[in-house]
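Just so you know, ligand 1 is whichever comes first in the structure, and atom 1 is the first atom listed for that ligand. The first residue in the sequence is number 1, and the count goes up from there.
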Amino acid sequence: MQAVKHIVAVASGKGGVGKSTTAVNLALAAQAAGLRVGLLDADIYGPSIGMMLGVDPAQRPAPAGDNKLAPVVAHGLQTMSMAYLVSDKTPMAWRGPMAGGALQLLEQVAWQNLDLLVVDMPPGTGDIQLTLSQKARLAGAVVVTTPQDIALLDARKAIEMFNKVAVPVLGIVENMAVHHCSACGHAEAIFGQAGGAQVAADYAVPLLGQLPLDIALRSAGDSGAPLLISQPHHPAVASYAAIAEQLREALAQAASELPEIVVE
Ligand code: ADP
């Protein structure tokens with residue numbers, strides 16, 4: 001039996017657009033839809049999924065024999081992160097040479113029978129990202145961007161990178177799309193409007209969804225209690241569920257081997 005059926009990268013052209021937030025919530029939404037899901041934090045320079053999932057910073061992965069590490073299970077997800085292996089105080093300069101290790105990390109985890117492994121990629125389109133994209137047996141990639149021009153420019157670069165290495169871009173997630181004032185409800189497109197849709201149209205890939213700029217998403221990430229768990233009725237949760245469903249369909253179409261979702 002294959003330990004991991006499908007690997008999907010969550011990528012962005014630049015940092016700070018909400019890639020990790022999307023990876024975490026998407027992984028949880030796919031799990032809620034009935035898939036067995038893992039999450040690999042390959043963002044070597046800013047590993048954050050442990051924090052976002054409330055993993056105790058002192059926790060270290062257990063050896064699983066055969067030179068492998070057991071994944072750390074958080075909210076049902078099988079997770080692995082470089083942050084579980086190094087301390088907060090490990091300097092950036094030492095992490096650099098470890099960057100190639102993200103791929104090694106992927107292979108050294110004893111993943112247990114996963115339908116889907118979500119990989120939170122390092123931001124950008126440099127050598128590290130290119131190598132990971134080429135070698136990680138990716139079924140596809142999701143590109144996260146904000147509607148801001150500078151982010152869109154970099155999102156285009158990310159799509160071009162995946163095209164170059166023949167990894168299907170499954171779609172674009174536009175994050176921080178609109179902000180609703182919590183006092184008066186006024187909607188404001190702080191980072192601009194419809195940019196994600198334009199890029200999606202230009203490259204003929206789906207716009208999988210748009211997430212608001214919302215304090216609940218930020219505070220859920222910071223507190224280690226992801227929105228899907230802490231506020232399951234928040235409107236953004238439905239958006240993540242819809243994105244996860246599109247992903248599942250795209251993967252099933254590509255491989256026709258994912259299990260059917262059973263609604264009880
Ligand atoms: P990246 O992985 O692209 O660097 P993160 O997911 O770490 O980005 O997000 C950067 C910061 O923005 C985090 O503090 C996160 O909580 C916050 N954030 C991400 N998406 C949203 C959103 N839609 N609304 C509000 N805050 C967000």
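Residues with a heavy atom under 4.0 Å from ligand 1: Gly15, Gly16, Val17, Gly18, Lys19, Ser20, Thr21, Met52, Asn175, Met176, Pro212, Leu213, Asp214, Leu217, Arg218.
Between Glu245 and Arg248 there is a salt bridge, since at least one side-chain N of the basic residue sits less than 4.0 Å from a carboxylate O of the acidic one. Salt-bridge check for Arg218 with Asp222: passed, with a basic side-chain N closer than 4.0 Å to an acidic carboxylate O. Note on Asp115 versus Lys5: salt bridge recorded, some NZ/NE/NH1/NH2 to OD/OE distance being below 4.0 Å.
With a 6.0 Å radius and a threshold of 12 heavy atoms from other residues, nucleotides or ligands, Asp127 has its CG atom at or below the threshold.
Residues His234 and Asp214 have side chains that bring a donor and an acceptor to within less than 3.5 angstrom of each other.
Here the options are Ser48, Ser81, Ser20, the test is side-chain hydrogen bond (donor to acceptor under 3.5 Å, both in side chains), and the partner is Asp41; only Ser81 passes.
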